[in-house]
Amino acid sequence: MKERRNFLKSFTKVFKEDKKENIIVRPPYYEDKDFFYKECINCDGVCSTFCEENIIKIAQDKTPYLDFTQGGCTYCDQCAVNCPSDVLKVEYKKNIEVKIQIDMLKCLSWNDTMCFSCKDPCLENAIDFVGLFKPTIGQSCTSCGFCISYCPTNAITIK
Ligand code: SF4
Ligand code: SF4
Ligand code: SF4
């Protein structure tokens, strides 16, 4: 799967402006958000070293967050399995708690220019194109974030 995504990405050579997200997205294995602030301060960001996609970054307050600018979450469990403080636990596994949306004003397809850049990286097949245009993210979206970095106009956003 990773190879397929990397192959597709090699064809995305359109210039993209730097994108700044203010939303904090946590790894999808926690029960109580307060534990990040209580426990991670005593940890050297162990979870980030086990992330196969290298999307876990450690903030200045030493808590982990997901950065979708270069990849997405495979739900591989490794961050939870290796968390030494049980902030992240496999038994708390859930979909990432953000909503992924397509900004119709920025999206090429919504503006009559054919583009399928986000469709193929979505292994959940969650993006429907109505009559080749008007992509819409459906219920099967797991908020994995993989589609975000493939959009040439940064039209896929996190809510
Ligand atoms: S589940 Fe895997 S890919 Fe997702 S954040 Fe954790 S280590 Fe990274
Ligand atoms: S491994 Fe656990 S305790 Fe360490 S930073 Fe990650 S979530 Fe926090
Ligand atoms: S539409 Fe949802 S499931 Fe598909 S790649 Fe994007 S975030 Fe992942």
Side-chain angles (χ1 to χ4, degrees), residues 1-9 12 19 21 23-104 106-107 109-110 115-130 134-159:
M1 288 183 197
K2 192 170 184 177
E3 289 72 24
R4 179 184 162 201
R5 282 172 172 141
N6 287 341
F7 175 78
L8 290 164
K9 197 170 231 177
T12 306
K19 187 166 66 168
E21 297 286 355
I23 297 168
I24 298 171
V25 185
R26 300 295 188 193
Y29 299 90
Y30 66 89
E31 184 178 50
D32 184 341
K33 280 184 181 171
D34 288 344
F35 285 170
F36 286 109
Y37 301 104
K38 286 180 188 155
E39 300 291 344
C40 299
I41 192 85
N42 301 314
C43 176
D44 290 328
V46 173
C47 52
S48 67
T49 66
F50 283 92
C51 179
E52 62 180 10
E53 294 293 327
N54 201 25
I55 61 167
I56 301 182
K57 310 297 177 192
I58 304 299
Q60 280 188 340
D61 63 7
K62 299 197 79 178
T63 65
Y65 67 95
L66 303 188
D67 177 0
F68 292 141
T69 56
Q70 300 295 323
C73 175
T74 59
Y75 292 92
C76 70
D77 297 350
Q78 287 306 302
C79 52
V81 168
N82 291 286
C83 174
S85 308
D86 286 349
V87 177
L88 307 176
K89 287 176 80 171
V90 175
E91 67 189 75
Y92 302 148
K93 188 172 187 172
K94 58 193 164 190
N95 280 353
I96 294 166
E97 290 187 315
V98 292
K99 191 165 174 54
I100 308 293
Q101 294 180 326
I102 294 177
D103 183 336
M104 290 183 283
K106 286 185 177 177
C107 170
S109 268
W110 272 94
C115 170
F116 298 104
S117 299
C118 59
K119 186 171 178 58
D120 283 344
C122 180
L123 301 184
E124 305 299 330
N125 206 18
I127 306 179
D128 289 326
F129 282 71
V130 180
K134 301 181 180 174
T136 307
I137 297 179
Q139 293 296 319
S140 58
C141 174
T142 62
S143 301
C144 70
F146 271 108
C147 54
I148 292 173
S149 63
Y150 287 86
C151 176
T153 58
N154 287 334
I156 303 178
T157 60
I158 302 169
K159 299 289 181 207

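Both ligands and their constituent atoms are indexed starting at 1 by order of listing. It should be emphasised that the depicted structure is a prediction, and the values quoted were computed from it without experimental measurement. Reckoned from all heavy atoms, side chains included, excluding hydrogens, waters and symmetry mates.
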- Does Gly72 have a heavy atom less than 4.0 Å from any atom of ligand 3? no

- Considering the heavy atoms of Cys141, write down every atom of ligand 3 situated less than 4.0 Å from one of them. 1 (S), 2 (Fe), 3 (S), 7 (S)

- Query: Think Lys62 forms a cation-pi with Tyr37, using NZ or CZ under 6.0 Å from the six-ring centre and within 45 degrees of its axis?
  - Reply: no

- Nearest-neighbour protein heavy atom for atom 6 (Fe) of ligand 2, which is reported as residue plus atom name and distance: Cys47 SG, 2.4 Å

- Task: Would you mind running through ligand 1 and noting each atom that sits below 4.0 Å from a heavy atom of Tyr75?
- Result: 1 (S), 4 (Fe)

- Note on the structure: Honestly, for Ile100 the part within reach of ligand 3 (heavy atoms, under 4.0 Å) is side chain

- Query: What are the atoms of ligand 2, with element, lying closer than 4.0 Å to any heavy atom of Pro84?
  - Reply: 1 (S)

- Message: Would Arg26 and Phe36 count as a cation-pi pair here, with the cationic atom under 6.0 angstrom from the ring centre and within 45° of the axis?
- Response: yes

- Note on the structure: Scanning both residues in full, the closest heavy-atom pair of Leu66 with Pro28 reads CD1-CD, 4.4 Å

- Against heavy atoms of Tyr29, which atoms of ligand 1 measure under 4.0 Å? 1 (S)

- For Lys33, does the NZ atom sit with more than 12 other heavy atoms under 6.0 Å from it, leaving out its own atoms? no

- Note on the structure: Within 4.0 Å of some non-hydrogen atom of Gly145, the atoms of ligand 3 are 7 (S), 8 (Fe)

- Residue and atom name of the nearest protein heavy atom (relative to atom 8 (Fe) of ligand 2), distance in Å to one decimal: Cys40 SG, 2.3 Å

- Query: Which atoms of ligand 2 sit under 4.0 Å from any heavy atom of Cys83?
  - Reply: 1 (S), 2 (Fe), 3 (S), 7 (S)

- Message: Quick one about Glu52 and Thr74 (side-chain donor to acceptor, distance below 3.5 Å, no hydrogens or angles considered), yes or no?
- Response: yes

- Note on the structure: Atoms of ligand 2 under 4.0 Å from any heavy atom of Cys43, numbered from 1 in the order shown, are 1 (S), 3 (S), 4 (Fe), 5 (S)

- Strictly under 2.8 Å, is any N, O or S atom of Cys76 next to atom 6 (Fe) of ligand 1? no

- Message: If the cut-off is 4.0 Å to any non-hydrogen atom of Asp77, which atoms of ligand 1 fall inside it?
- Response: 1 (S)

- Message: Over 60° means perpendicular and under 30° means parallel, so tell me whether Phe116 and Phe129 are parallel, tilted or perpendicular.
- Response: tilted

- Message: List ligand 3 atoms under 4.0 Å from Ile127, heavy atoms only on the residue side.
- Response: 1 (S)

- Message: Any N/O/S atom from Cys73 (main chain or side chain) under 2.8 Å of atom 4 (Fe) of ligand 1?
- Response: yes

- Note on the structure: Check: of Cys122, Ala126, Cys147, Cys151, min heavy-atom distance to atom 4 (Fe) of ligand 3 comes from Cys122

- Task: Provide the number and element of each atom of ligand 2 under 4.0 Å from a heavy atom of Leu88.
- Result: 7 (S)

- What do you reckon, is CG of Asn42 surrounded by more than 12 foreign heavy atoms closer than 6.0 Å? yes

- Could you list which atoms of ligand 1 come closer than 4.0 Å to a heavy atom of Ile56? 5 (S)

- Message: Side chains of Tyr29 and Asp77 only: does a donor on one sit below 3.5 Å from an acceptor on the other?
- Response: yes

